[in-house]
Amino acid sequence: MRIGELAERAGVSTRTLRYYESRGLLPAADRGANGHRVYGDDALRLVEQIRTLQDFGFELEDTRPFVECLRAGHPAGDSCPDARAMYRRKIAELDGLMAELRAARDHLTAQLARAEALPSPCGSGGLGAGAGAGAGDDVPLCGG
């Protein structure tokens, strides 16, 4: 298939395919008599593998072990040890990000609890809707 058809079937641009080829993720295409790139069905499988992994947050270079596994003739891109090691690295990265998010959430929850324990300027004894505020004062109004 020509590069345009591969791009359409894979849901990427022809520029993306050329980039993958330049990075060695997609093997150099055969050239037709007219000089146009011609790809086999295996190229579609490689691009689909790359795109799927990128959809899950893998960087382009992180897809290399999966692509190499497929190019070596294995039935699945994740059937090789290097690909599984990349899964482990990605899972560890995600675990770290989740821990950071939990810590940020815990901090915000504590800040909210602290803020909610303070007396409200809008509650009883507060200034209320403009009470005591002169025209032009930058005092937030409650309920208004």
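Please read these numbers as outputs of a predicted model, since none were measured by experiment.
- Contact check for P27 versus L46: side-chain heavy atoms found under the 4.5 Å cut-off.
- Using a 4.5 Å heavy-atom threshold, the side chains of M1 and D41 count as touching.
- You'll find the side chain of D82 stays beyond 4.5 Å of the side chain of F66, heavy atoms only.
- Within a 6.0 Å radius of CD in Q54, other residues, nucleotides and ligands contribute more than 12 heavy atoms.
- By the neighbour-count criterion of 12 heavy atoms within 6.0 Å, atom CG of D106 is densely surrounded, having more than that number from other residues, nucleotides or ligands.
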E93 vs K90, salt bridge (charged side-chain N to carboxylate O under 4.0 Å, His left out): CA-CA, chis, key distance, verdict: CA-CA 5 Å; E93 178 186 322; K90 189 56 151 174; 3.1 Å; yes

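- Looking at I91 and R88, their side chains never come closer than 4.5 Å, going by heavy atoms from C-beta outward.
- Once rounded to the nearest 0.5 Å, the distance linking CZ of R2 with CG of N34 reads 6.0 Å.
- A centroid separation of 6.0 Å or more is found between the aromatic rings of Y87 and F56.
- A 4.5 Å side-chain heavy-atom check between R114 and Q111 finds at least one atom pair inside the cut-off.
- V38 and A29 make their closest contact through O-CB, 3.6 Å (heavy atoms, listed as atom of the first residue, atom of the second, distance).
- Under the 3.5 Å distance criterion, the side-chain polar atoms of T16 are left unmatched by any main-chain donor or acceptor of V12.
- In this structure, D42 CG and L70 CG are separated by 9.5 Å, a value rounded to the nearest 0.5 Å.
- Pairing each heavy atom of G77 with each of C69, the nearest pair is O-CB, 3.4 Å.
- Residues F58 and V47 are members of separate hydrophobic clusters, defined by side-chain heavy-atom contacts under 4.5 angstrom among Ile, Leu, Val, Met, Phe, Trp and Tyr.
- Heavy-atom minimum distance, S79 versus A76: OG-O, 2.8 Å.
- Distance check: L53 CG to E59 CD gives 12.0 Å after rounding to the nearest 0.5 Å.
- Under the rule for a side chain to side chain contact (heavy atoms under 4.5 Å, CB included), the partners of I3 that lie at least two apart in sequence or sit in another chain are T14, L17, R18, R37, Y39.
- The neighbour count for R105 CZ, taken as heavy atoms of other residues, nucleotides or ligands under 6.0 Å away, does not exceed 12.
- In summary, E5 and R9 engage in a salt bridge, as defined by a charged side-chain N under 4.0 Å from a carboxylate O.
- With hydrophobic clusters built from ILVMFWY side chains whose heavy atoms lie under 4.5 angstrom apart, V67 shares a cluster with Y19.
- The two residues C80 and H74 come nearest to each other via the heavy atoms SG-CD2, 3.3 Å.
- The environment of CD in E61 is crowded: more than 12 heavy-atom neighbours from other residues, nucleotides or ligands sit within 6.0 Å.
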